[in-house]
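Written out below as structure tokens is the structure these notes cover.
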Amino acid sequence: SFESIVVGGLLNVILPAKLGEISRLIYLRNMYRYPVNYGVGAMVIERGADIFMVACFLAAGAGIVTGNTLLQGASALLIAVMIGTVFALKLKKGKVVRSVIARIPVRFIRIYSQKIIRSISRDFGANRTLMVLGYTLALRIVYFLTVAFFLKVVASFDLSWGEMFVIYLVSSIAWSIPLTPGGTGTFHAGMVLAMGWYGIVKEEALAVAVVFHLLLNLVPMVLAMAVIFYKDIPLMKMVRMEERNKGVTMSEITICEGKR
């Protein structure tokens with residue numbers, strides 16, 4: 001799993017539209033014969049946990065930064081509703097989700113979605129779901145502290161914790177927009193916009209955003225190259241893996257999974 005994450009991170013830096021996420025499935029299937037629907041199920045849980053955590057941070061940030069008591073109460077209520085919804089869906093064993101999927105008119109999409117849900121129900125119980133949420137929360141906290149350290153210590157900006165939290169939130173959302181390789185452009189625009197709210201001139205904000213973005217992308221690149229070197233995977237083999245899988249349709253994958 002770690003190998004697929006770092007290799008996918010490298011390809012996310014190179015490819016647009018978060019295509020590195022798809023390469024994770026291809027890597028696991030070709031290198032370890034890991035079923036595709038299991039990989040998709042794990043990826044759905046990971047992305048869902050990430051979106052859930054960002055939504056909670058947004059709700060909390062809105063109340064903390066504005067200092068509005070009413071907004072703080074509404075934010076706390078929203079977080080409680082989101083957490084309650086997650087556990088309600090788990091307690092119902094996915095019955096709500098299954099009933100929605102059963103109404104999908106396209107047969108192929110409906111069948112494959114049902115396979116993914118079965119994989120999630122089997123592999124992700126309450127304990128493992130909580131573990132994924134805790135892991136995602138830890139990553140988000142580490143990223144916030146990284147942003148704060150870079151802005152406060154490296155860039156020497158006179159910003160409060162609340163202001164740095166806002167910059168962190170905006171940069172997180174901008175980085176998640178699947179338009180360009182590694183969030184290039186969208187990340188910089190988000191950082192410049194957020195820092196501009198606190199009196200930092202565009203030229204200085206852009207310079208900081210460019211350097212910070214390079215450092216952030218350097219980590220997955222170094223880790224991925226270490227995995228490729230350790231596993232002795234020729235780069236051309238990875239290219240051939242990608243090219244060979246371009247012609248594989250989702251229906252073919254479903255047939256293969258059905259035979260397992």
Side-chain angles (χ1 to χ4, degrees), residues 1-13 17-29 31-61 75-76 78-101 112-147 165 168-169 171-178 182-183 216-217 219-220 223-224 227 257:
S1 178
F2 174 76
E3 295 172 21
S4 68
I5 289 173
V6 296
V7 171
L10 172 63
L11 293 175
N12 272 334
V13 174
K18 298 289 184 180
L19 292 177
E21 301 296 327
I22 299 175
S23 72
R24 290 173 54 188
L25 306 178
I26 297 172
Y27 182 89
L28 288 172
R29 190 186 68 173
M31 298 298 293
Y32 296 101
R33 303 299 178 188
Y34 195 74
V36 173
N37 56 305
Y38 292 178
V40 173
M43 192 168 66
V44 168
I45 290 293
E46 289 174 14
R47 294 303 101 200
D50 198 41
I51 293 171
F52 172 78
M53 207 57 64
V54 171
C56 287
F57 275 32
L58 276 172
S75 301
L78 177 60
I79 293 172
V81 168
M82 288 191 293
I83 294 174
T85 301
V86 170
F87 280 97
L89 290 174
K90 287 301 289 183
L91 288 173
K92 285 183 173 292
K93 304 294 184 182
K95 290 180 181 178
V96 176
V97 178
R98 286 194 179 94
S99 65
V100 172
I101 290 174
Y112 199 73
S113 299
Q114 288 169 343
K115 285 191 173 188
I116 294 171
I117 292 300
R118 281 198 295 270
S119 298
I120 292 173
S121 299
R122 181 175 59 252
D123 298 336
F124 288 90
N127 290 338
R128 194 168 179 185
T129 302
L130 286 173
M131 184 178 70
V132 172
L133 286 172
Y135 172 73
T136 305
L137 176 61
L139 285 179
R140 283 288 163 188
I141 292 173
V142 168
Y143 177 52
F144 167 63
L145 293 176
T146 303
V147 172
F165 188 67
Y168 152 77
L169 286 174
S171 67
S172 296
I173 295 170
W175 202 5
S176 301
I177 298 173
L216 289 175
N217 283 330
V219 174
L223 289 175
V227 167
E257 295 300 331

Atom pair CG (L145) and OH (Y168), whose distance is rounded to the nearest 0.5 Å = 9.5 Å
message = I'd like to check the side-chain contact (heavy atoms from CB on, under 4.5 Å) partners of I173; sequence neighbours left out, ordered by chain and number.
response = V54, L58
query = How many angstroms lie between OG1 in T146 and CG in L216, if you round to the nearest 0.5 Å?
reply = 7.5 Å
Option from L133, V132, L137, L139 for which side-chain contact (heavy atoms from CB on, under 4.5 Å) with Y135 holds = L139
inquiry  = Applying side chain to side chain donor-acceptor pair (under 3.5 Å), can you list everything that pairs with T136, at least two apart in sequence or on another chain?
reply    = none
key: Closest approach of S171 to Y143 (non-hydrogen atoms, all atoms of both residues)   = OG-OH, 3.3 Å
